[in-house]
2 protein chains.
Amino acid sequence: MPNSESLEISLHSESFIQHFGEMGSRWGINRTVGQICALLVVSEAPLNADQIGEALHISRSNVSMGLKELHSWNLLRAVAIAGDRKDYFTTPDDVLEMARTLIEERRKREIDPTLSMLRSVLLQEKQVGDDSYALQKMSEMHDLIELLVGWLNEMQTLKSQRLMKLLKLGSGVNKILDLTDRVSGRS
Amino acid sequence: MPNSESLEISLHSESFIQHFGEMGSRWGINRTVGQICALLVVSEAPLNADQIGEALHISRSNVSMGLKELHSWNLLRAVAIAGDRKDYFTTPDDVLEMARTLIEERRKREIDPTLSMLRSVLLQEKQVGDDSYALQKMSEMHDLIELLVGWLNEMQTLKSQRLMKLLKLGSGVNKILDLTDRVSGRS
DNA sequence: TCTAATTTTCAGTAATGTGTGAAATTTAGC
DNA sequence: GCTAAATTTCACACATTACTGAAAATTAGA
């Protein structure tokens with residue numbers, strides 16, 4: 001009922017949150033969203049909007065917008081706390097799960113639109129004029145992106161355990177590819 | 001000696017260039033840089049700064065800054081044209097090569113700094129106060145990023161042919177991982 | 001259904017990022 | 001080393017994005 005106690009942020013967490021703020025712009029989210037995300041990751045207990053605003057020294061309305069954005073990234077979990085009308089938030093516990101979500105969301109925002117554009121351009125009737133070189137390049141790009149997107153999707157279907165294994169394999173992939181060469185008889 | 005003829009841009013290329021401009025901000029480069037890159041990709045012949053500026057309707061100084069930025073992404077190739085003092089530019093021919101460069105550069109800008117930050121935080125003496133949960137999360141994140149970065153590096157060492165093969169393999173990776181399970185006897 | 005707590009929206013403002021022209025610098029040929 | 005072409009730098013103007021407080025909307029309990 002009284003205002004929730006204000007948060008203690010350790011110096012370690014402070015650096016972490018600060019960094020996520022600075023990197024936010026490079027990651028295509030803004031500073032505030034990066035900081036909110038970082039704060040929720042390192043907070044064991046879910047936080048309400050007032051606590052977030054106080055911890056980051058930002059206005060309540062800014063918190064609201066930031067949470068909305070974070071929600072659109074599928075990185076926000078709301079939890080109810082008995083006897084408290086406020087909404088409490090956290091991020092998924094599993095960092096690998098978060099990373100996978102992040103990659104999927106970035107794919108949607110950064111790659112899919114380009115794939116669509118290339119598809120529609122390549123489907124159009126050929127215009128007059130010599131743009132065969134340009135069309136060739138767009139076609140190459142389209143095929144590569146399609147391949148990459150398909151591969152990313154396949155990776156998303158792998159269970160975490162499998163994915164970790166693949167990551168740890170590293171250049172051992174080379175041996176595996178050799179193996180498939182021998183099995184299938186292709187180069 | 002006279003000004004080089006002005007460029008004809010096909011409608012297809014126009015869409016392509018426009019799209020790269022719009023996506024630029026999402027990709028962490030700006031509109032102009034995206035457009036210059038797109039223009040150079042679809043132009044068979046190398047272009048000089050004036051041609052670029054004219055094609056994109058931007059000032060000469062803006063072209064200069066854009067080229068500088070593109071250079072910092074390792075996506076620019078300068079070629080000399082006999083009998084012309086102007087510098088001519090193009091992008092690498094191979095789109096896969098460009099994609100690999102892009103991924104590497106984004107890793108440097110978007111992932112490496114975070115890895116460094118996490119390392120330095122985790123190396124610091126433990127502060128007083130209970131931030132063990134936060135440290136735990138940072139440690140998990142550090143390990144995951146390290147794994148991912150290592151894996152990306154391994155991929156960069158693969159020859160293009162090999163990389164394409166891996167991409168085409170898709171979730172066929174599952175079968176291969178099964179195979180290694182059986183061979184090595186691990187889960 | 002009413003009320004008070006909580007959250008969201010939005011118009012205005014602050015902050016950041018982008019583009020330009022003019023001036024400074026560099027470069028290649030003479 | 002001089003000169004003119006070419007390129008880069010930079011201060012300022014312009015555009016976009018982010019943040020705030022106030023007001024509107026929503027929600028949960030009485």
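In the text below, chain A, chain B and the rest are named by the order of the sequence lines, each starting its count at 1.
Residue A:E69 contributes atom CD, which lies 11 Å from atom P of D:dC19 at whole-angstrom precision. Rounded to whole Å, atom P of C:dG19 lies 9 Å from atom CD1 of B:I36. One atom, CE of A:M65, and another, P of D:dA18, lie 9 Å apart when rounded to the nearest Å. One atom, CG of B:N62, and another, C1' of D:dC10, lie 14 Å apart when rounded to the nearest Å. For B:K86 and C:dA28, the NZ to C1' distance is 14 Å, given to the nearest whole Å. One atom, CG of A:L56, and another, P of D:dT20, lie 11 Å apart when rounded to the nearest Å. Counting to the nearest Å, the P atom of C:dT27 and the CG atom of B:D84 are 17 Å from each other. At whole-Å resolution of the value, CG in B:D87 and P in D:dT7 are 5 Å apart.
Among all heavy-atom pairs drawn from A:L115 and A:E146, the shortest one is CD1-N, 4.0 Å. When every heavy atom of A:E97 is checked against every heavy atom of A:S160, the shortest pair comes out as OE1-OG, 4.0 Å. Heavy-atom minimum distance, A:A55 versus A:L39: CB-CD2, 3.9 Å. A pairwise comparison of heavy atoms in A:S72 and A:E105 identifies O-OE1, 3.7 Å as the closest pair.
Taking 4.0 angstrom as the limit, B:K68 places a side-chain polar atom (N or O) nearer than this to OP1 or OP2 of D:dT9. Taking only side-chain nitrogens and oxygens, A:T32 never comes nearer than 4.0 Å to OP1 or OP2 of D:dA18. Contact annotation: A:N30 side-chain N/O to D:dC19 OP1/OP2 distance is under 4.0 Å. Considering only side-chain N and O atoms, B:R60 lies nowhere under 4.0 angstrom from the phosphate OP1 or OP2 of C:dT20.
Within 4.0 Å of A:R31, counting heavy atoms only, lie sugar-phosphate atoms of the nucleic acid but no base atom.
Taking the side chain as every heavy atom from C-beta outward, A:L67 and A:I52 approach each other to under 4.5 Å.
Counting only heavy atoms from C-beta on, A:S61 has its side chain closest to D:dG21 among D:dG21, C:dT6, C:dG21. Side-chain proximity of B:A49 to the nucleotides C:dT9, D:dT9, D:dT7 is greatest for D:dT7.
When each of B:H57 and A:F89 is assigned the nucleotide of DNA chain C bearing its nearest heavy atom, the one mapping closer to the 5' terminus is A:F89. Where A:I29 and A:R85 meet DNA chain D, the nucleotide closest to each residue was compared, and A:I29 sits on the side nearer the 5' end.
Judged by distance alone with a 3.5 Å cut-off, no donor-acceptor contact links the side chain of B:S59 to the base of C:dG21.
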